[in-house]
Structure formats: structure tokens, C-alpha cells
Number of protein chains: 2
Amino acid sequence: MILSRACEYAVQALIYATSQRPERFLAVRDVALATRIPMAYLSKIIQRLVARGLLSSRKGPRGGVRLARLAGAIKVLDIVEAIDGLGFLNRCVIGHPRCSETHPCPLHDAWGPLRDEIQGLLARRSLGDLVRELRGRGLPGRRS
Amino acid sequence: MILSRACEYAVQALIYATSQRPERFLAVRDVALATRIPMAYLSKIIQRLVARGLLSSRKGPRGGVRLARLAGAIKVLDIVEAIDGLGFLNRCVIGHPRCSETHPCPLHDAWGPLRDEIQGLLARRSLGDLVRELRGRGLPGRRS
DNA sequence: GAAATAACGGACAACGGAGTCCATTATCTT
DNA sequence: AAGATAATGGACTCCGTTGTCCGTTATTTC
């Protein structure tokens, strides 16, 4: 598993938040119901997204959470960084403790470009892109 | 982390076994010392590699483990399959429960080729390749 | 101001991966 | 045959992730 389950949940929840009118505050409970993510756990994850500045929140009736920035300004990599951190992009594939550019493991050279592609993909795609992809499924002219 | 720690250990241990004279039986204890992997844990991992037919073992004095096939016939993907299974190659990146070709998640199309590249890399490289890479470092004519 | 609402935050339970310990079994050496 | 050696397999601990529960705090509505 490349991303933690919590991180997968975060992406799913943020996609849902983006797909609704981003102006409005959504109750965590509603996000949990819509995405079928365990509500109390999602609550923790969302707390973290709020702390990291991806979501803003409001307490009390008619409160909830909403995107803190425009959907186009939140990259998938931002979400991953907020939940999992970016360590998995630097870590040696076979866990060799001394793996580096000067002391590469036997998979290092072949893995490097792949790792860069993964990072690039996550860094390019924004929440806005993902929701547009969801809506425009099957239409010509998509980027990938 | 893309591979489990146990799987990383397995690759490291098998690389070491390949780098020694593959005819001889190596004591798990020696492999653990050379690779700095916790010995009792490595013992469990190696048991699994024996059960899966990647290593063969012999008990008693002068016993130990050695490659069950030629180093060129053991692909990195075989090791991953033996320890972690191949589930991570099928699993949706963002954990969407209904993600498939007909019901793709918004990252599905972009992720597919990347997943294939990862699988391809692991399926192409054998233990023999890795050890050759280790030995021939810096020489011209390497493949990657 | 009171009641309802919804995020916040801490404590805890459940689960699996990582790692240890030890008794057993098979094999080699003398 | 006896003792030493090394893998095998079971039970166990430790810890981070996943997930739950509940009281507190802030805010809105009436």
C-alpha cells in the first residue's frame, strides 16, 4: 500500500468536499456518510487537515468544514504531505540503510525516475483536476 | 513505504545470499550479521522464502539456506509476491472501494501506467541482475 | 439566556506488522 | 551413540495504525 488508509480517506473526503459547493460548510458527519468512511476516524483526519491549513472549520450549528483555498490550489501531494509526510518518496525501495546517490542500492538508478514520476503526478494534480476528471468522464481532450 | 519492512529484509538477504557462492549453505545467523537484520525476525522471513520455494534449507551442522534456483531465475517480483503478495499492484491509489476499469477513480487513468512500470521493473530484474549491478558499478554499458 | 449543534481533544480498544524467546526436530561430527 | 549445530514453529511482547467513545468548547438559533 503506497498511501496510508488515513491518507486515502483524506483524499476521498476532500474530493467530496470539492464536489459540493465549496462555499458551504459541510458537517463531518455528512462527509462520513457520503464517503462511507468511519465518522469518528474521519473526524481525526479532518482535524489534521484543518491544522495543516487545507480545510477551515466553524463550530456550532450550520458549522462544519470547507476548503481553505481554491480547489485548484490544493495538490494531491499537499494532502499526502499533511497526512503521511513525504518520507516515502526519499526512502530506498529495498530499505538499504546507506542508499544514496553516491552509495546507490542495486535498484536505485532504475527506481529514481519512477519515484520522480509518482511525485510529479501527485504534485501536478489538484483537487480541482480530480473533480473535473470525475465530471468530464469520457469527454475528449482530457490531459492524461 | 511501498514494500513492507519484511519484504525489504527479504530482498537484502537474498542479495547477500546471491553475492556469496550460491552453492554453499549459509547460516541464517551469518546472513543476519552481514545484513544487520534482526536475526530472529530474519529467521521468520527466510522460513517463508523456503516455504515459497525461493530458498532451500538444510538442518544441522554445516546447514543453512541457499538459493533454490539460479539467481537469474528469481525475479524481484517473486520475492515481493512471496512476502507481501501482489495486492498493492491492484489496489486503487486513493483506496476507492469501487475503483475499476469501468468505474475508475479520478487518478486511475494516470496511475495505471505508473503501476505497470513498477510491476515491469520488479518483474524484469532478477537477483542476478542486482548483484551484477552491485559489482559492475561505474562500468560503461549498463542497461538503465 | 437556554438549548441545540458541531468541531475539538483526550483516552481508550482492536488489529496487524515488527521483533523476541524458547522448545523441538533434523542432521552432522566425533 | 552422544553432543553439537542449525532450521522450524509456536507463543509471546511491542508499537504504530486504525477505529471508537465521550466530555469540552465554541457558535448559532430561538
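All chains are named by letter (A, B, ...) in the order of the sequence lines, taking the proteins before the strands, and each is independently numbered beginning at 1.
- Panel note: side chain A/Asp84, backbone A/Leu3; no donor-acceptor pair is recorded below 3.5 Å.
- B/Leu26 comes within 4.0 angstrom of sugar-phosphate atoms only, judged by non-hydrogen atoms across all strands, and of no base.
- Judged by distance alone, with hydrogens and angles left aside, the side-chain atoms of A/Arg58 form a donor-acceptor pair with the main-chain N or O of A/Arg62 at under 3.5 Å.
- Residue-to-nucleotide proximity on DNA chain D shows that, of B/Lys59 and A/Pro61, the 5′-proximal contact is made by B/Lys59.
- Formation of a donor-acceptor pair under 3.5 Å by the B/Asp116 side chain with backbone atoms of B/Pro113 is not found in this model.
- From one end of the helix from C/dG1-D/dC30 to C/dT30-D/dA1 to the other, with five pairs defining each end axis, the axis direction shifts by 0° (rounded to 10°).
- Partner B/Cys92 forms a side-chain contact (heavy atoms from CB on, under 4.5 Å) with one of B/Pro104, B/Pro97, B/Cys105 and no other, that one being B/Cys105.
- Taking 4.0 Å as the cutoff to heavy atoms of chain A, we find the contact window on DNA chain D bounded by D/dT18 to D/dT28.
- Nucleic acid contact class of A/Ser4 (heavy atoms, under 4.0 Å, all strands): sugar-phosphate only.
- In plain terms, the two heavy atoms of A/Leu67 and A/Ala17 that are nearest each other are CD2-CB, 4.4 Å.
- Spacing between atom CG of B/Asp84 and atom P of C/dG17 amounts to 9 Å, rounded to whole angstrom units.
- When atom types are taken as modelled, the side chain of A/Arg125 and the backbone of A/Val76 share no donor-acceptor pair closer than 3.5 angstrom.
- Closest approach of A/Pro22 and A/Thr18 over heavy atoms only: CG-O, 4.1 Å.
- One can place CG of B/Leu42 at 11 Å from P of C/dT20, the figure rounded to the nearest angstrom.
- One interatomic measurement links the two molecules: CZ of B/Arg62 to P of C/dT27, which rounds to 17 Å at whole-angstrom precision.
- The stretch residues 27-41 of chain A touches DNA chain C through A/Ala27, A/Val28, each having a heavy atom within less than 4.0 Å of the strand.
- Taking atom CG of B/Leu3 as the reference point, atom P of C/dA18 lies 11 Å away to the nearest angstrom.
- Summarising the geometry, the separation between CZ on B/Arg48 and P on C/dA18 is reported as 12 Å, rounded to the nearest angstrom.
- Computed from coordinates, the B/Glu8 CD to C/dA18 C1' distance equals 12 Å when rounded to whole Å.
- Electrostatic pairing of A/Lys75 and A/Asp78 does not count as a salt bridge here, judged by no charged N lying under 4.0 Å from a carboxylate O.
- Rounded to whole Å, atom C1' of C/dA13 lies 14 Å from atom NZ of A/Lys44.
- Under the 3.5 Å distance criterion, the side-chain polar atoms of B/Arg135 are matched with a main-chain donor or acceptor of B/Ser19.
- The closest donor-acceptor contact from the side chain of B/Arg48 to the backbone of B/Ala82 lies under 3.5 Å.
- Spacing between atom CG of A/Leu49 and atom P of C/dA7 amounts to 13 Å, rounded to whole angstrom units.
- B/His96 and A/Glu8 share no side-chain donor-acceptor pair at under 3.5 Å.
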